[in-house]
Amino acid sequence: MTMEAGDDVKIPHHVAIIMDGNGRWAAGRGLPRIKGHKAGSAVIEDIIDAAVKMGIKHLSLYAFSTENWRRPDAEVSVIMSLLRFYLRLHTSRFRNRGVRFHFLGELETMPESIKRDVVELEAATAGESKMVFHLAVNYGSRMELVKATQSCIKDGLKADEIDESAINSRLWTADVPDVDLLIRTSGELRISNFLLWQCAYAEFYFTDCHWPDFNQERFSDALESFASRERRFGRI
Ligand code: FPP
């Protein structure tokens with residue numbers, strides 16, 4: 001069953017997804033890993049559509065971590081090409097759906113052409129308000145926290161002025177609500193340095209399905225599971 005906006009259920013404000021299993025999906029078909037990444041990038045569009053339809057306000061997808069630079073050069077280069085293609089092709093698709101694009105990660109050290117495309121896409125979609133799509137690239141949660149702490153010190157904050165809101169407002173997710181639901185595909189039960197601070201009270205949903213096989217119906221299953229849970233945020 002696919003959930004629809006307006007159904008009387010709890011909808012998470014912020015859904016984050018670790019898109020895992022592209023390599024295994026490809027290996028299972030005797031294909032090179034890069035085919036898995038290509039198939040995986042196509043799924044992103046369906047999930048954005050479903051999230052907008054459901055009234056989700058923030059969707060964060062983990063596409064490339066700070067650790068992923070250690071992968072073979074050829075694989076890194078394919079993921080970067082997919083990213084370039086994605087950034088250039090999707091401006092009107094984002095606008096038509098009312099989606100604002102946000103690059104989540106360290107942009108400074110990315111290749112110049114990608115930086116330019118990100119700045120353009122963020123500017124072109126800045127007025128959209130149905131949902132914010134955060135694409136995590138060159139993202140590592142520990143790095144994000146270290147940088148936020150350094151920024152507190154650079155801003156001259158004293159030790160007792162460094163509180164949760166001082167850190168929160170210096171993260172790449174400043175002004176973004178905490179994650180309500182974290183989904184990870186492909187059977188691994190790990191968080192892999194993704195939104196560690198923001199997931200403090202997130203509900204976790206793991207599925208064995210590899211990312212290229214994930215679809216709107218499976219997304220809906222995850223949302224149904226979320227809707228059935230009782231969240232206590234540390235209370236009894
Ligand atoms: C995890 O699968 C996936 C990634 C590290 C990359 C995710 C990238 C995409 C979905 C495509 C890129 C799209 C854009 C828009 C940049 P894995 O390779 O770790 O799979 P495995 O664990 O089965 O080896």
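These numbers come from the heavy atoms of this one structure, side chains and all, not from hydrogens, waters or symmetry mates. One-based numbering, in listed order, for ligands and for the atoms of each.
The nearest heavy-atom contact from the protein to atom 20 (O) of ligand 1 is G23 N, 3.0 Å. Protein heavy atom nearest atom 11 (C) of ligand 1, with residue, atom name and distance: H37 O, 3.5 Å. Closest protein heavy atom to atom 3 (C) of ligand 1: M19 O, 3.1 Å. Among protein heavy atoms, the minimum distance from atom 10 (C) of ligand 1 is reached at N22 ND2, 3.4 Å.
The distance from ligand 1 to the heavy atoms of S41 drops below 4.0 Å at these ligand atoms: 11 (C), 13 (C). Those atoms of ligand 1 that come under 4.0 Å of a heavy atom in R33, given as number and element, are 17 (P), 18 (O), 24 (O). Heavy-atom proximity to N68, at under 4.0 Å, picks out these atoms of ligand 1: 5 (C). Within the listing of ligand 1, atoms 5 (C), 17 (P), 18 (O), 19 (O) sit less than 4.0 angstrom from a heavy atom of R71. Close contacts between ligand 1 and R24 involve ligand atoms 21 (P), 22 (O), 23 (O) [criterion: under 4.0 Å to a heavy atom].
The shortest N or O to N or O distance between I44 and ligand 1 is not under 3.5 Å. Close N/O approach between W25 and ligand 1 is not found [any backbone or side-chain N/O within under 3.5 Å]. Polar contact with ligand 1: absent for W211 (N/O pair, distance under 3.5 Å).
Looking at R218, its side chain does come within 3.5 Å of a backbone N or O of D213 through a donor-acceptor pair.
Residues F214 and D46 form no side-chain contact, since every pair of their non-hydrogen atoms from C-beta on lies 4.5 Å or further apart. Proximity of L87 to F101: side-chain heavy atoms (C-beta onward) are separated by under 4.5 Å at one or more points. Counting heavy atoms from C-beta outward, L182 and Y62 have side chains that stay 4.5 Å or more apart.
Here the shortest heavy-atom pairing between P212 and A39 reads CB-CB, 3.8 Å.
The closest approach between A63 and ligand 1 falls below 4.0 Å for a heavy atom of the residue.
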- Audit row: D180, H13, side chain to side chain donor-acceptor pair (under 3.5 Å) steps and yes/no: CA-CA 7 Å; D180 298 300; H13 289 288; 5.5 Å; no
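Atom CD1 of residue I18 and atom CH2 of residue W211 lie 11.5 Å apart, to the nearest 0.5 angstrom. The CG atom of L104 lies 6.0 Å from the CZ atom of F194; values are rounded to the nearest 0.5 Å.
Taking the six-membered ring where tryptophan is involved, the planes of H14 and H134 are tilted, since the angle between them lies from 30° to 60°.
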